[in-house]
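Worksheet for the structure shown next.
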2 protein chains.
Amino acid sequence: MTETTKPRREQIHDVASRLFSERGYHATSMRDLAGQLGMQGGSLYAHISGKEELLVEIVRGASQQFDEALFSLRDVNLPADEKLREAMFRHIQVVADNMDSATVFFHEWKHLSAEPYAQVVAWRDTIDIFYRDLVAQGVRDGTFRADLDVRAAANLILSAVNWTYTWYRPGGRLSPRDVAEQFADMLLSGLMAGELQ
Amino acid sequence: MTETTKPRREQIHDVASRLFSERGYHATSMRDLAGQLGMQGGSLYAHISGKEELLVEIVRGASQQFDEALFSLRDVNLPADEKLREAMFRHIQVVADNMDSATVFFHEWKHLSAEPYAQVVAWRDTIDIFYRDLVAQGVRDGTFRADLDVRAAANLILSAVNWTYTWYRPGGRLSPRDVAEQFADMLLSGLMAGELQ
DNA sequence: CCTACCGATCGGTAGG
DNA sequence: CCTACCGATCGGTAGG
């Protein structure tokens with residue numbers, strides 16, 4: 001009995017996330033969408049107001065997932081390196097658990113109209129600041145190297161966790177935890193062998 | 001006299017790279033393109049065979065730039081860490097020098113038809129292998145840590161250099177060399193302060 | 001949720 | 001390189 005039917009609106013969002021991520025927003029027609037749901041193109045408008053509403057809600061949903069995962073970490077009292085491990089894990093997990101909407105988020109946000117577009121830009125800043133604060137804290141308390149460029153470090157971390165949407169395969173060899181630990185190990189300790197060997 | 005006119009075909013490619021990167025492939029119409037060149041939509045077909053030809057050539061051009069930058073490094077005799085620095089610099093420089101076509105490359109290749117699509121997938125593998133070989137060499141000769149996961153390391157490096165297309169601004173505060181050195185410093189030495197302090 | 005339809009726009013072509 | 005046009009398809013609506 002896994003046949004419990006989701007609300008129609010939710011089904012539409014799920015299919016839209018999948019098609020937008022596979023083909024892109026502009027290459028997906030409302031008729032494509034309707035076809036996957038077994039209805040006619042015009043019937044979609046009984047449930048939604050328009051195509052862009054779908055994009056807006058997918059993008060907003062994804063950014064909220066990131067927010068919920070990361071901002072509860074903000075004031076947690078942990079050593080900077082452990083905090084970074086946990087943040088990277090949560091960040092990657094959001095991507096892994098929402099491959100479709102995360103892909104739409106990273107790929108299609110430029111097609112939003114002015115207002116939601118500006119919200120994404122503002123949101124990106126908050127995430128940037130989250131990682132900069134995390135790094136800055138680690139530098140201040142001596143966990144991280146004193147000569148770190150905080151912006152560059154945050155940028156490198158974000159590159160690692162964001163780029164996962166292009167290559168990660170849920171159900172594959174690596175769990176989100178595996179990826180996070182591998183990346184964090186390398187970022188924290190570096191690739192170089194110790195000087196003494 | 002910087003008014004030397006480029007060949008029309010090249011102008012079309014330049015404008016197409018810019019519009020495809022700004023708006024996306026499907027959201028750019030042939031009439032948009034023609035308008036920016038001061039001609040009518042139909043007139044484009046005196047110079048090109050179709051819209052997808054433009055996408056194919058932009059994508060192919062970008063991948064060739066990466067090839068030329070990286071593959072001459074393949075058999076150069078350098079310590080692995082220096083080789084990595086140089087590879088990252090060249091990789092980032094290709095992105096920085098070709099922001100438009102690099103963006104199209106990373107963003108729009110999924111819209112290619114079967115054959116050029118498969119070429120991009122195959123190309124990506126060669127780049128992946130390039131970085132894995134570089135890391136593996138460093139592990140073998142003791143430059144890099146013996147416990148490195150080669151695939152993960154290559155993946156992390158690629159995340160850093162590829163993601164630059166989303167944030168780098170040519171002519172801004174940082175040169176491609178700056179970014180490459182910052183990233184390589186952090187990747188090679190890690191973020192952690194030394195154990196003794 | 002369907003049928004039937006709207007005006008607009010798409011990539012591309014014919015003929016000059 | 002332009003004018004004029006093609007069939008196809010787009011997002012969306014009216015009326016039921």
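Chain letters run A, B, ... following the sequence lines, proteins first and then strands; every chain starts at 1.
In the set C:dT3, C:dC1, D:dC1, C:dT3 carries the atom at the smallest distance from any side-chain atom of A:Q40.
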*Protein-to-nucleotide contact annotation, 5' to 3' order, nucleotides 10-16 of chain C [B base; S sugar-phosphate only; - none; under 4.0 Å, heavy atom]*: SBBB---

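In this entry the distance linking CE of A:M39 with P of C:dC1 reads 4 Å, nearest Å. One interatomic measurement links the two molecules: CG of B:L37 to C1' of D:dC2, which rounds to 15 Å at whole-angstrom precision.
Heavy-atom contacts from other residues, nucleotides or ligands closer than 6.0 Å to CD of A:E10 number more than 12.
Across B:I12 and B:L33, no two heavy atoms sit closer than the pair O-CD2, 4.0 Å. For B:A160 against B:M88, the heavy-atom pair with the smallest separation is CB-CE, 4.4 Å.
Taking a pair as Watson-Crick or G-U with both hydrogen-bonding distances under 3.5 Å, the stems of three or more pairs touching DNA chain D are C:1-16 with D:1-16.
Here the two rings, on B:W163 and B:Y168, have centers that are 6.0 Å apart or farther. For B:H26 and B:F20, the distance between ring centers is not under 6.0 angstrom. Centroid-to-centroid, the aromatic rings of A:Y165 and A:H107 come within less than 6.0 Å. Aromatic ring centres of A:F105 and A:W123: separated by under 6.0 Å.
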*Report the C-alpha distance between A:D100 and A:S17 in whole Å, list the side-chain angles of each, state the deciding distance to 0.1 Å, and finish with yes or no for side chain to side chain donor-acceptor pair (under 3.5 Å).*
CA-CA 5 Å; A:D100 287 335; A:S17 295; over 6 Å; no

